[in-house]
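The next block holds one structure in the form of structure tokens; read it before the comments.
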Amino acid sequence: IQKYNILKKVLDYANGKHALEIGSSAWWSWIEQQGIKPSKLDCINISKKELERGIELSKQSSLIKPSFHVMDAHKLDFKDETFDVV
């Protein structure tokens with residue numbers, strides 16, 4: 001229960017914020033299914049094939065249309081302080 005409460009607080013914080021997902025499809029369960037709506041969502045993955053899974057899910061999203069990027073999480077191409085929540 002405590003883990004759920006912590007996760008819920010983080011998810012609620014993401015509402016209206018610019019979020020980064022290091023992955024490509026986990027956002028579906030933590031954003032779409034929980035009704036969280038960040039102002040913008042960028043998803044990164046080093047695997048183009050994994051990104052394609054996220055892109056397919058995004059076609060079903062009623063809340064948000066994420067941007068997908070092939071990128072190494074150890075070498076982000078984003079400027080510092082781009083995101084409010086990761």
Side-chain angles (χ1 to χ4, degrees):
I1 289 241
Q2 187 173 3
K3 286 182 188 179
Y4 174 78
N5 290 336
I6 293 169
L7 182 58
K8 179 71 172 134
K9 285 180 185 179
V10 171
L11 294 177
D12 287 342
Y13 178 79
N15 267 314
K17 304 286 194 302
H18 189 175
L20 171 66
E21 179 193 344
I22 299 174
S24 54
S25 59
W27 64 273
W28 184 261
S29 62
W30 63 268
I31 288 182
E32 186 74 24
Q33 293 179 343
Q34 300 298 319
I36 304 300
K37 189 172 182 180
S39 62
K40 185 174 179 185
L41 174 64
D42 285 283
C43 301
I44 66 166
N45 199 305
I46 201 163
S47 166
K48 187 173 181 178
K49 185 175 181 175
E50 286 297 316
L51 280 178
E52 289 171 3
R53 291 178 56 211
I55 291 168
E56 285 304 312
L57 282 174
S58 73
K59 293 176 183 176
Q60 302 170 40
S61 177
S62 61
L63 297 175
I64 192 165
K65 297 298 180 198
S67 297
F68 296 90
H69 314 272
V70 175
M71 191 179 304
D72 183 341
H74 296 110
K75 298 177 185 176
L76 296 177
D77 292 334
F78 301 105
K79 292 181 183 178
D80 290 347
E81 300 184 30
T82 295
F83 302 99
D84 301 302
V85 64
V86 178

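Since we're looking at a predicted model, the values are computed, not measured.
V86 and Y13 fall into different hydrophobic clusters, defined by Ile, Leu, Val, Met, Phe, Trp and Tyr side-chain heavy atoms under 4.5 Å apart, directly or through other members. Hydrophobic cluster membership differs between W27 and I22, with clusters built from Ile, Leu, Val, Met, Phe, Trp and Tyr side chains linked at under 4.5 angstrom. No chain of hydrophobic side-chain contacts below 4.5 Å, direct or via other Ile, Leu, Val, Met, Phe, Trp or Tyr residues, connects I55 to I44.
Side chain of E21 to main chain of A26: a donor-acceptor pair is present (N/O by atom type, distance under 3.5 Å, no hydrogens or angles). With hydrogens and angles ignored, the 3.5 Å screen pairs no side-chain donor or acceptor of N15 with any backbone N or O of P38. At distances below 3.5 Å, at least one donor-acceptor pair connects side-chain atoms of S24 with backbone N or O atoms of E50.
Between K59 and E56 there is a salt bridge, since at least one side-chain N of the basic residue sits less than 4.0 Å from a carboxylate O of the acidic one.
Considering CD1 of I64 and OG of S39, their distance stands at 7.5 Å, rounded to 0.5 Å.
Minimum heavy-atom separation, F68 to L51: CD2-CD2, 3.8 Å.
Taking S61 as the reference, E32 meet the side chain to side chain donor-acceptor pair (under 3.5 Å) condition, with sequence neighbours excluded. Not a single salt bridge (Lys or Arg N to Asp or Glu O under 4.0 Å) links K65 to another residue, sequence neighbours left out. For F83, the ring pair (Phe, Tyr, Trp, His ring centres under 6.0 Å) partners two or more places apart in sequence, or in a different chain, are H18, F78. Here E52 pairs with nothing under the salt bridge (Lys or Arg N to Asp or Glu O under 4.0 Å) rule; sequence neighbours left out.
The closest side-chain heavy-atom distance from C43 to L41 is below 4.5 Å.
The side chain to side chain donor-acceptor pair (under 3.5 Å) pairs that include a residue from residues 69-84 are D42-H69, D72-H74, where partners are two or more places apart or lie in different chains.
Alongside I46, the hydrophobic cluster contains no other residue (criterion: ILVMFWY side chains under 4.5 Å).
Applying the 6.0 Å contact sphere to NZ of K17 captures more than 12 heavy atoms from other residues, nucleotides or ligands.
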